[in-house]
Amino acid sequence: QRQNATDVTAALTRAAVPELADRQMTDLSGGQFQRVLLARALLGTPDILILDEATQGLDQPGAASFYRQIENVRRDMNLAVLMVSHDLHVVMAASDRVLCLNGHVCCEGTPDVVADAPEYRALFGSGTQGALALYRHDHDHGHDHNHGTH
């Protein structure tokens, strides 16, 4: 169905690419293309957004930027996000609930519960929890930006 220009502009703005309204899809970079697909998914203000390896083909800064935009969209539109991803750092740092699949549901729960599950550790090793901890940062403390200066 044909979308009106106002709705299209709003969706592109939510995806942080309002300047792409008149561009052809074939002329877009990988990151721009993913954001236009995000905008298309947001038309009609859905209750749930389903992402299947949404950052495949993007470099690390591009993927990080895209995930930040997904978080903004989730917060601003108050919608649920179901994300399929092999990127354990993102899954474990940015999810409320995780299901680990290996032919069946191996384990599920909060990221902390899943990271401690024997089934998860059998798949990914016990070292992953330490690596993943680098990406979890709770702001329950201050940062001394003047450390070491007088």
Distance, nearest 0.5 Å, that separates OH of Y67 from OG1 of T55: 3.0 Å
Under 3.5 Å donor-acceptor, R35 side chain and A15 backbone: yes
Sub-4.5 Å side-chain heavy-atom contact between L20 and F33: no
More than 12 heavy atoms of other groups within 6.0 Å of D47 CG: no
ILVMFWY cluster, V114 and L123 together (side-chain gap under 4.5 Å): yes
Side-chain heavy-atom pair C100, E119 within 4.5 angstrom cut-off: no
Exam field: side chain Q34 to backbone A63, donor-acceptor pair closer than 3.5 Å: no
Pairwise side-chain contact, L28 with R23, heavy-atom cut-off 4.5 Å (strictly under): yes
Min side-chain heavy-atom separation L79-L42 under 4.5 Å: yes
S95 side chain to V91 backbone, donor-acceptor under 3.5 Å: yes
4.5 Å side-chain heavy-atom contact, V98 and M92: yes
Point-to-point distance, once rounded to the nearest 0.5 Å, from CD of E53 to NE2 of H86: 5.5 Å
Check: N78 main-chain N/O paired with R74 side-chain donor or acceptor under 3.5 Å: no
Joint cluster assignment, V17 & V8, ILVMFWY side-chain distance < 4.5 Å: yes
SB check R68 E71 (cutoff 4.0 Å): no
Greater than 12 external heavy atoms within 6.0 Å of E19's CD: yes
Beyond-backbone contact of V84 with L101, side-chain heavy atoms, under 4.5 angstrom: no
ILVMFWY network linking L43 to L38, side-chain heavy atoms under 4.5 angstrom: no
P111 side chain reached by R97 side chain, heavy atoms, under 4.5 Å: no
Distance (rounded to the nearest 0.5 Å) between L58 CG and Q32 CD: 11.0 Å
Nearest-0.5 Å distance, CG of residue D52 to CG of residue L82: 9.0 Å
Minimum side-chain heavy-atom gap M83-I50 below 4.5 Å: no
